[in-house]
Undergrad: 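Pasting a structure here, questions to come.
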Amino acid sequence: DTEVTQTPKHLVMGMTNKKSLKCEQHMGHRAMYWYKQKAKKPPELMFVYSYEKLSINESVPSRFSPECPNSSLLNLHLHALQPEDSALYLCASSQTGTGAYNEQFFGPGTRLTVL
Amino acid sequence: GENVEQHPSTLSVQEGDSAVIKCTYSDSASNYFPWYKQELGKRPQLIIDIRSNVGEKKDQRIAVTLNKTAKHFSLHITETQPEDSAVYFCAASKTGRRALTFGSGTRLQVQP
(Lines give C-alpha, C1' and ligand atoms only; values in the text may rest on other atoms or scores of the structure.)
Protein backbone atom coordinates (compact mmCIF):
# COMPACT_ATOMS: atom_id res chain seq x y z
CA ASP A 1 0.00 0.00 0.00
CA THR A 2 1.66 3.24 -1.15
CA GLU A 3 -1.06 5.70 -0.26
CA VAL A 4 -2.11 7.94 2.56
CA THR A 5 -5.85 7.71 3.18
CA GLN A 6 -8.08 10.18 5.00
CA THR A 7 -11.63 9.99 6.26
CA PRO A 8 -14.08 11.53 5.97
CA LYS A 9 -13.76 13.25 2.59
CA HIS A 10 -16.18 15.98 3.60
CA LEU A 11 -17.32 17.14 7.02
CA VAL A 12 -19.84 19.79 8.00
CA MET A 13 -20.03 20.67 11.67
CA GLY A 14 -21.51 23.27 13.95
CA MET A 15 -19.43 25.37 16.32
CA THR A 16 -20.51 23.28 19.32
CA ASN A 17 -19.83 19.89 17.74
CA LYS A 18 -16.98 17.49 18.44
CA LYS A 19 -15.65 15.55 15.48
CA SER A 20 -12.47 13.74 14.46
CA LEU A 21 -10.46 13.44 11.26
CA LYS A 22 -8.61 10.23 10.57
CA CYS A 23 -5.45 9.55 8.57
CA GLU A 24 -3.85 6.19 7.84
CA GLN A 25 -0.73 4.97 6.06
CA HIS A 26 0.77 1.52 5.70
CA MET A 27 4.10 2.47 4.14
CA GLY A 28 6.05 2.02 7.38
CA HIS A 29 6.55 5.77 7.66
CA ARG A 30 7.42 7.03 11.12
CA ALA A 31 6.57 10.71 10.64
CA MET A 32 3.07 12.04 10.09
CA TYR A 33 1.88 15.58 9.55
CA TRP A 34 -1.26 17.69 9.63
CA TYR A 35 -1.51 20.65 7.26
CA LYS A 36 -4.34 23.14 6.79
CA GLN A 37 -5.01 24.56 3.32
CA LYS A 38 -7.31 27.48 2.61
CA ALA A 39 -8.56 28.13 -0.90
CA LYS A 40 -5.87 29.38 -3.29
CA LYS A 41 -3.22 29.19 -0.56
CA PRO A 42 -0.37 26.77 0.13
CA PRO A 43 -0.62 24.11 2.82
CA GLU A 44 0.29 25.41 6.29
CA LEU A 45 1.87 23.10 8.81
CA MET A 46 -0.10 22.41 11.99
CA PHE A 47 1.50 19.40 13.71
CA VAL A 48 4.28 16.87 13.20
CA TYR A 49 4.49 13.47 14.87
CA SER A 50 7.80 11.63 14.80
CA TYR A 51 7.86 8.05 16.11
CA GLU A 52 4.39 8.59 17.58
CA LYS A 53 5.51 11.59 19.60
CA LEU A 54 4.43 15.17 18.95
CA SER A 55 7.54 16.98 17.74
CA ILE A 56 6.14 20.19 16.26
CA ASN A 57 3.04 22.22 17.17
CA GLU A 58 2.90 25.38 15.09
CA SER A 59 1.04 27.34 17.80
CA VAL A 60 -2.24 25.78 16.78
CA PRO A 61 -5.30 26.72 18.91
CA SER A 62 -6.27 24.10 21.48
CA ARG A 63 -9.60 23.49 19.73
CA PHE A 64 -7.48 21.27 17.45
CA SER A 65 -6.11 18.24 19.29
CA PRO A 66 -3.89 15.74 17.47
CA GLU A 67 -3.40 12.13 18.45
CA CYS A 68 -1.12 9.40 17.13
CA PRO A 69 -2.35 6.06 18.54
CA ASN A 70 0.21 4.04 16.56
CA SER A 71 2.70 4.41 13.76
CA SER A 72 0.06 3.98 11.05
CA LEU A 73 -2.70 6.18 12.37
CA LEU A 74 -3.08 9.90 12.98
CA ASN A 75 -6.19 11.63 14.26
CA LEU A 76 -7.19 15.25 14.57
CA HIS A 77 -9.89 15.92 17.15
CA LEU A 78 -11.98 19.03 16.61
CA HIS A 79 -13.99 20.88 19.24
CA ALA A 80 -15.66 24.29 19.34
CA LEU A 81 -14.33 25.31 15.93
CA GLN A 82 -14.94 28.68 14.31
CA PRO A 83 -16.18 29.34 10.76
CA GLU A 84 -12.68 30.56 9.82
CA ASP A 85 -11.42 27.04 10.51
CA SER A 86 -13.20 25.88 7.36
CA ALA A 87 -10.49 24.54 5.06
CA LEU A 88 -8.99 21.44 3.47
CA TYR A 89 -7.12 19.44 6.11
CA LEU A 90 -4.29 17.42 4.63
CA CYS A 91 -2.42 14.60 6.25
CA ALA A 92 1.04 13.60 5.05
CA SER A 93 3.64 11.03 5.96
CA SER A 94 7.37 10.51 5.43
CA GLN A 95 9.93 7.89 6.40
CA THR A 96 11.19 9.85 9.40
CA GLY A 97 10.60 13.26 10.87
CA THR A 98 14.12 14.53 11.07
CA GLY A 99 16.35 12.60 8.69
CA ALA A 100 17.69 13.87 5.45
CA TYR A 101 15.70 14.00 2.25
CA ASN A 102 12.39 12.54 3.30
CA GLU A 103 9.72 12.76 0.66
CA GLN A 104 6.32 13.63 2.05
CA PHE A 105 3.26 11.94 0.61
CA PHE A 106 -0.10 13.62 1.02
CA GLY A 107 -3.54 12.16 1.59
CA PRO A 108 -6.56 13.42 -0.39
CA GLY A 109 -7.65 15.68 2.45
CA THR A 110 -10.83 16.29 4.41
CA ARG A 111 -12.83 19.32 3.33
CA LEU A 112 -14.18 20.81 6.55
CA THR A 113 -17.00 23.33 6.72
CA VAL A 114 -17.83 24.94 10.06
CA LEU A 115 -21.26 26.55 10.24
CA GLY B 1 12.07 30.45 10.40
CA GLU B 2 12.22 29.57 6.73
CA ASN B 3 10.50 31.81 4.18
CA VAL B 4 9.94 30.67 0.59
CA GLU B 5 8.92 33.13 -2.12
CA GLN B 6 7.52 31.90 -5.43
CA HIS B 7 7.00 33.66 -8.77
CA PRO B 8 4.99 34.12 -10.87
CA SER B 9 1.64 33.65 -9.20
CA THR B 10 0.00 32.85 -12.55
CA LEU B 11 1.51 31.65 -15.80
CA SER B 12 -0.25 31.06 -19.10
CA VAL B 13 1.57 29.33 -21.96
CA GLN B 14 0.66 27.80 -25.29
CA GLU B 15 0.75 24.05 -25.62
CA GLY B 16 4.26 22.97 -26.57
CA ASP B 17 5.95 25.99 -25.00
CA SER B 18 8.18 25.85 -21.92
CA ALA B 19 7.21 27.08 -18.45
CA VAL B 20 9.56 28.24 -15.71
CA ILE B 21 8.64 28.82 -12.07
CA LYS B 22 11.12 30.34 -9.64
CA CYS B 23 11.52 30.15 -5.87
CA THR B 24 13.88 31.71 -3.37
CA TYR B 25 14.41 30.58 0.21
CA SER B 26 15.82 32.33 3.24
CA ASP B 27 17.31 29.61 5.48
CA SER B 28 20.76 28.60 4.27
CA ALA B 29 20.41 25.34 6.25
CA SER B 30 17.57 24.15 3.99
CA ASN B 31 18.76 21.15 2.00
CA TYR B 32 15.71 19.54 0.43
CA PHE B 33 13.53 21.21 -2.20
CA PRO B 34 10.46 19.36 -3.52
CA TRP B 35 7.94 20.53 -6.08
CA TYR B 36 4.28 19.60 -5.81
CA LYS B 37 1.52 19.72 -8.39
CA GLN B 38 -2.02 20.20 -7.14
CA GLU B 39 -4.99 19.85 -9.44
CA LEU B 40 -8.29 21.38 -8.42
CA GLY B 41 -9.83 19.47 -5.53
CA LYS B 42 -6.95 16.99 -5.39
CA ARG B 43 -4.04 16.30 -3.09
CA PRO B 44 -0.59 17.84 -3.68
CA GLN B 45 1.50 15.32 -5.60
CA LEU B 46 5.28 15.26 -5.54
CA ILE B 47 6.56 15.65 -9.10
CA ILE B 48 10.29 16.18 -8.58
CA ASP B 49 12.70 17.08 -5.80
CA ILE B 50 16.31 18.11 -5.45
CA ARG B 51 18.83 17.80 -2.66
CA SER B 52 21.38 20.45 -1.81
CA ASN B 53 24.30 18.34 -3.01
CA VAL B 54 22.98 18.42 -6.58
CA GLY B 55 22.68 21.39 -8.95
CA GLU B 56 20.21 19.98 -11.44
CA LYS B 57 17.83 17.06 -11.80
CA LYS B 58 15.73 16.02 -14.77
CA ASP B 59 12.81 13.64 -15.20
CA GLN B 60 11.48 13.51 -18.75
CA ARG B 61 9.86 16.93 -19.45
CA ILE B 62 10.48 18.26 -15.94
CA ALA B 63 13.73 19.63 -14.55
CA VAL B 64 14.72 21.45 -11.41
CA THR B 65 17.82 23.59 -10.88
CA LEU B 66 19.29 24.75 -7.58
CA ASN B 67 21.67 27.63 -6.90
CA LYS B 68 22.69 27.32 -3.25
CA THR B 69 24.75 30.51 -3.30
CA ALA B 70 21.80 32.58 -4.44
CA LYS B 71 19.32 30.44 -2.43
CA HIS B 72 17.26 30.04 -5.54
CA PHE B 73 15.65 27.04 -7.27
CA SER B 74 13.50 26.72 -10.36
CA LEU B 75 11.12 24.29 -12.03
CA HIS B 76 11.30 23.91 -15.81
CA ILE B 77 8.58 22.16 -17.80
CA THR B 78 9.24 21.64 -21.51
CA GLU B 79 6.75 20.75 -24.25
CA THR B 80 3.83 21.68 -22.02
CA GLN B 81 0.54 19.85 -22.40
CA PRO B 82 -2.99 20.81 -21.28
CA GLU B 83 -2.79 18.19 -18.53
CA ASP B 84 0.10 20.17 -17.01
CA SER B 85 -2.45 22.82 -16.03
CA ALA B 86 -2.54 22.95 -12.21
CA VAL B 87 -1.16 24.84 -9.25
CA TYR B 88 2.51 24.18 -8.59
CA PHE B 89 4.07 24.66 -5.15
CA CYS B 90 7.75 24.77 -4.33
CA ALA B 91 8.84 23.92 -0.80
CA ALA B 92 11.92 23.71 1.38
CA SER B 93 12.97 21.77 4.45
CA LYS B 94 16.12 20.91 6.36
CA THR B 95 17.62 18.06 8.34
CA GLY B 96 16.24 18.11 11.87
CA ARG B 97 13.00 19.76 10.80
CA ARG B 98 11.39 17.85 7.96
CA ALA B 99 8.21 19.90 7.93
CA LEU B 100 7.82 21.65 4.59
CA THR B 101 7.62 25.41 4.13
CA PHE B 102 5.71 26.07 0.95
CA GLY B 103 5.87 28.88 -1.56
CA SER B 104 2.65 30.71 -2.36
CA GLY B 105 1.96 28.68 -5.51
CA THR B 106 1.85 29.25 -9.27
CA ARG B 107 -1.28 28.63 -11.27
CA LEU B 108 -0.13 27.27 -14.64
CA GLN B 109 -2.56 27.27 -17.51
CA VAL B 110 -1.59 25.55 -20.75
CA GLN B 111 -3.71 26.74 -23.66
CA PRO B 112 -4.40 24.07 -26.31
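First the proteins, then the strands, lettered A, B, ... as listed; each starts at 1.
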Undergrad: Can you confirm whether more than 12 heavy atoms, excluding those of Lys57(B), are under 6.0 Å from its NZ atom?
TA: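 Correct, the count exceeds 12.
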Undergrad: Within the structure provided, determine whether Tyr36(B) and Gln104(A) are in side-chain contact (heavy-atom separation under 4.5 Å).
TA: yes
Undergrad: Within residues 53-89 of chain A, which positions have a heavy-atom distance to chain B below 4.5 Å?
TA: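 Heavy-atom contacts from residues 53-89 of chain A to chain B are Ile56(A), Glu58(A), Leu88(A).
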Undergrad: Ignoring hydrogens, what is the shortest heavy-atom contact between Phe89(B) and Lys41(A)? Give both atom names and the distance.
TA: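 Heavy atoms of Phe89(B) and Lys41(A) come nearest at CZ-O, 3.7 Å.
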Undergrad: Check for a donor-acceptor pair, side chain of Tyr33(A) on one end and backbone N or O of Leu100(B) on the other, with a separation under 3.5 Å.
TA: no
Undergrad: Take atom CD of Glu52(A) as the centre, draw a 6.0 Å sphere, and report whether it contains more than 12 heavy atoms from other residues, nucleotides or ligands.
TA: yes
Undergrad: Are any non-hydrogen side-chain atoms of Arg43(B) and Glu3(A) less than 4.5 angstrom apart?
TA: yes
Undergrad: Please check if Tyr32(B) and Leu75(B) belong to a single hydrophobic cluster, counting links between Ile, Leu, Val, Met, Phe, Trp and Tyr side chain heavy atoms closer than 4.5 Å.
TA: no
Undergrad: For Gln38(B), is it the side chain, the backbone, both, or neither that has a heavy atom closer than 4.5 Å to a heavy atom of chain A?
TA: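 For Gln38(B), the contact with chain A is made by the side chain alone.
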Undergrad: Could you tell me which of Gly103(B), Pro34(B), Gly41(B) has the largest number of non-hydrogen atom pairs under 4.5 Å with chain A?
TA: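 Most heavy-atom pairs within the cutoff with chain A belong to Gly103(B).
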Undergrad: Take atom NZ in Lys18(A); do more than 12 heavy atoms of anything else shown fall under 6.0 Å from it?
TA: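 At most 12 heavy atoms, drawn from other residues, nucleotides or ligands, come within 6.0 Å of this atom.
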Undergrad: Once salt bridge (charged side-chain N to carboxylate O under 4.0 Å, His left out) is applied, what residue pairs with a partner in residues 61-77 of chain B remain, sequence neighbours excluded?
TA: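 Only Arg61(B)-Asp84(B) qualify under salt bridge (charged side-chain N to carboxylate O under 4.0 Å, His left out).
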Undergrad: Heavy-atom count check: over 12 atoms from other residues, nucleotides or ligands less than 6.0 Å from Leu115(A) CG?
TA: yes
Undergrad: To the nearest 0.5 Å, tell me how far Lys40(A) NZ sits from Ser104(B) OG.
TA: 13.5 Å
Undergrad: Can you pull the ring-ring contact (aromatic ring centres under 6.0 Å, His included) pairs that have at least one residue in residues 39-72 of chain B, sequence neighbours excluded?
TA: none
Undergrad: For Ser26(B), check side-chain hydrogen bond (donor to acceptor under 3.5 Å, both in side chains) against everything at least two apart and list the hits.
TA: Glu2(B)
Undergrad: What's the shortest heavy-atom distance between Phe106(A) and Pro44(B), and which atoms?
TA: CB-O, 3.6 Å
Undergrad: In this structure, would Val87(B) and Trp35(B) fall into the same cluster of hydrophobic residues linked by side-chain contacts under 4.5 Å?
TA: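 Shared cluster, no.
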Undergrad: Answer yes if Tyr25(B) and Phe102(B) sit in the same cluster of Ile, Leu, Val, Met, Phe, Trp and Tyr residues linked by side chain heavy atoms under 4.5 Å apart, and no otherwise.
TA: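 Unlinked, Tyr25(B) and Phe102(B) end up in two clusters.
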Undergrad: State plainly whether one hydrophobic cluster holds both Leu11(B) and Val110(B), where clusters connect Ile, Leu, Val, Met, Phe, Trp and Tyr through side-chain heavy atoms under 4.5 angstrom apart.
TA: yes
Undergrad: For Gln6(A), is it the side chain, the backbone, both or neither that has a heavy atom under 4.5 Å from a heavy atom of chain B?
TA: neither
Undergrad: Of the non-hydrogen atoms in Asp49(B) and Glu103(A), which two are nearest, and what is the gap between them?
TA: OD2-CG, 3.4 Å
